[in-house]
Amino acid sequence: MSPSQVTVFCPGHISGYFKPVITGDPKTSGSCGGGIVINSGVTVVATRAEETTIQVLKTSRDTSQVVSDNSPVIKHLMQNLGLTASIKTFCTLPLSSGYGLSAAALLATVHAVNQLFDLGLSPEKCAMQAHQVEVAFRTGLGDVAACQGGGWVVRKGPGIMAEILRYKDDQTIHAITLSPLKTESVLSSPEMMNRITDAFPKTDPDTLIGFFACSRSFAEASGLISPDIEKVLIDCDANNIPVSMTMLGNGIFALGERAKDLLNRYGETYSLQISHTGPRIMEVLP
Ligand SMILES: Nc1ncnc2c1ncn2[C@@H]1O[C@H](COP(=O)(O)OP(=O)(O)O)[C@@H](O)[C@H]1O
Ligand SMILES: CC(C)(COP(=O)(O)O)[C@@H](O)C(=O)O
């Protein structure tokens, strides 16, 4: 019996450093880089329907509010798949703030409709469907690849099939967002993309502390740090707290429990764990 509704959770992703790789084909384009797959992301509820409707909801204190009745990337994904369904996406982190929520929404949606309509797509094919929309819309380059699994990650090449090193760690990551930043605005700027490429680190980290150092030197060299962000970075430095800027968002992420009280002085602080998994089916209703 085909299900009537499927719920899937996909983790988000904080990118720490990245190098765009644009080949002209969204399937082989993407980025190399390092980031953290986080235990907060997007939950998608896909329900059989005669036409595609999309609701983007933000949840806080167990109450969800509709923030948008549209999502061009989800709409395009459904058209690519030739499917119609009611799609509701739920997140607690802020949108357009560098938490990889566009990727998480896309990847969760593909896995949900794959189960809802019994498409038989492999995890890799699901990820490819999501990745190519992300890249085509310039809403991300490497987040879908990262969110296929858990851990803090080093992506050695662009796209879904490239080598990804994944490392487990149970330390807490704390993050704040000072203001939204539309990823597409940066990815569509040739001048910024060239500067970002030049800032890419020469070696890959193999420790979490080393990842923070790589991300921080990348952020400093990228020219993306605003005065407000710089102030928080310096405060963390003064307290010996590993810290960097979320890519791409006007935000900060820092390592360990001591970061929470410090970041609380600057805004709402999100306490995050490194995810152990990628997308997960949460519920299937008959
Ligand atoms: N939770 C979500 N549900 C549905 N669509 C989303 C979601 N998050 C982002 N998107 C879509 O992706 C677009 C780009 O988001 P983006 O700025 O890349 O956010 P992020 O930095 O969190 O990935 C948004 O304008 C929206 O259309
Ligand atoms: C940094 C970014 C290009 C965008 O990340 P976000 O703003 O979270 O969509 C990411 O996709 C990456 O390739 O590392």
Side-chain angles (χ1 to χ4, degrees), residues 10 12-38 41-42 56 68 70-77 80 91 93-107 109 127-148 153-162 164 175 177-201 214-215 217-226 229 244-253:
C10 182
H13 174 247
I14 294 175
S15 181
Y17 62 91
F18 71 103
K19 176 171 67 178
V21 177
I22 308 300
T23 66
D25 175 358
K27 288 189 173 70
T28 56
S29 295
S31 70
C32 309
I36 304 176
V37 183
I38 52 178
V42 177
V56 182
S68 175
N70 187 25
S71 171
V73 287
I74 300 283
K75 185 177 179 182
H76 191 79
L77 172 73
N80 283 354
C91 63
L93 291 171
L95 302 175
S96 299
S97 300
Y99 296 110
L101 298 189
S102 54
L106 281 163
L107 195 50
T109 300
M128 183 59 82
Q129 286 288 338
H131 173 78
Q132 61 189 22
V133 175
E134 268 268 276
V135 172
F137 278 71
R138 290 291 189 274
T139 52
L141 293 173
D143 298 304
V144 171
C147 292
Q148 295 176 92
V153 300
V154 175
R155 293 176 292 104
K156 310 286 278 187
I160 297 308
M161 303 312 287
I164 300 182
T177 293
L178 301 184
S179 62
L181 170 64
K182 274 287 177 197
T183 299
E184 187 267 341
S185 66
V186 175
L187 299 188
S188 303
S189 160
E191 188 261 333
M192 293 179 96
M193 294 281 262
N194 289 335
R195 183 152 184 185
I196 282 165
T197 300
D198 293 344
F200 193 72
C214 275
S215 174
S217 62
F218 170 80
E220 298 288 350
S222 71
L224 290 167
I225 294 178
S226 67
I229 293 285
S244 188
M245 175 185 170
T246 50
M247 297 289 165
L248 284 161
N250 281 318
I252 295 271
F253 65 104

### Summary
All heavy atoms of V135 vs all of S29, minimum pair found to be CG1-CB, 3.8 Å
### Message
If I take atom OG1 from residue T246 and atom CD1 from residue I229, how far apart are they, to the nearest 0.5 angstrom?
### Response
6.5 Å
### Message
As an exercise, state the distance from CE of M161 to NZ of K27, rounded to the nearest 0.5 Å.
### Response
13.0 Å
### Message
Between T183 and T139, do the side chains contain a donor N or O and an acceptor N or O under 3.5 Å apart?
### Response
no
### Query
Taking the six-membered ring for Trp, are F200 and Y17 ring centroids under 6.0 Å apart?
yes
### Query
V153 versus I36: any side-chain heavy-atom pair under 4.5 Å?
no
### Message
Assess the residue pair L93 and L101 against the criterion (side-chain contact (heavy atoms from CB on, under 4.5 Å)); give the C-alpha distance rounded to whole Å, side-chain angles, the decisive distance to 0.1 Å, and a yes or no.
### Response
CA-CA 8 Å; L93 291 171; L101 298 189; 4.2 Å; yes
### Query
Of the non-hydrogen atoms in F218 and A199, which two are nearest, and what is the gap between them?
CD1-O, 3.4 Å
#### Entry: Flag side-chain contact, heavy atom, 4.5 Å: I160 against Q129
no
### Task
Provide the closest heavy-atom pair for G41 versus C91 in the form atom of the first, atom of the second, distance.
O-CB, 3.5 Å
### Side-chain donor-acceptor pair present, S222, R195, cut-off under 3.5 Å
no
### Sub-4.5 Å side-chain heavy-atom contact between L141 and E134
no
#### Entry: Side chain to side chain, E184 and F137, heavy atoms closer than 4.5 Å
no
### Task
Output the distance between atom CG (L106) and atom OG (S71), rounded to the nearest 0.5 Å.
6.5 Å
### Message
Are P26 and H131 packed together at the side-chain level, in the sense that at least one heavy-atom pair is separated by less than 4.5 angstrom?
### Response
no
#### Entry: Side chain proximity check, M245 to L224, heavy atoms < 4.5 angstrom
yes
#### Entry: Distance, nearest 0.5 Å, that separates CG of L248 from CG of L181
6.0 Å
#### Entry: From CD1 (I14) to CE (M247), nearest 0.5 Å
12.0 Å
### Message
Between I196 and K19, is the side-chain contact (heavy atoms from CB on, under 4.5 Å) condition met? List the steps.
### Response
CA-CA 7 Å; I196 282 165; K19 176 171 67 178; 5.9 Å; no
## Note on the structure
What one should report as the nearest heavy-atom pair of G35 and H13 is CA-NE2, 3.4 Å
#### Entry: Atom of V186, atom of M193 and distance for their closest heavy-atom approach
O-CG, 4.0 Å
### Message
Whether the side chain of S215 engages the backbone of G16 through a donor-acceptor N/O pair (distance < 3.5 Å, no angle test) should be reported.
### Response
yes
#### Entry: For the student: nearest non-hydrogen atoms of S96 and K182, plus distance
OG-NZ, 3.3 Å
### Test item: side-chain donor near acceptor, T177 and Y99, under 3.5 Å
yes
### Message
Taking the side chain as everything from C-beta on, heavy atoms only, tell me whether P158 gets closer than 4.5 Å to C32.
### Response
yes
### From CD1 (I74) to CG (L77), nearest 0.5 Å
6.0 Å
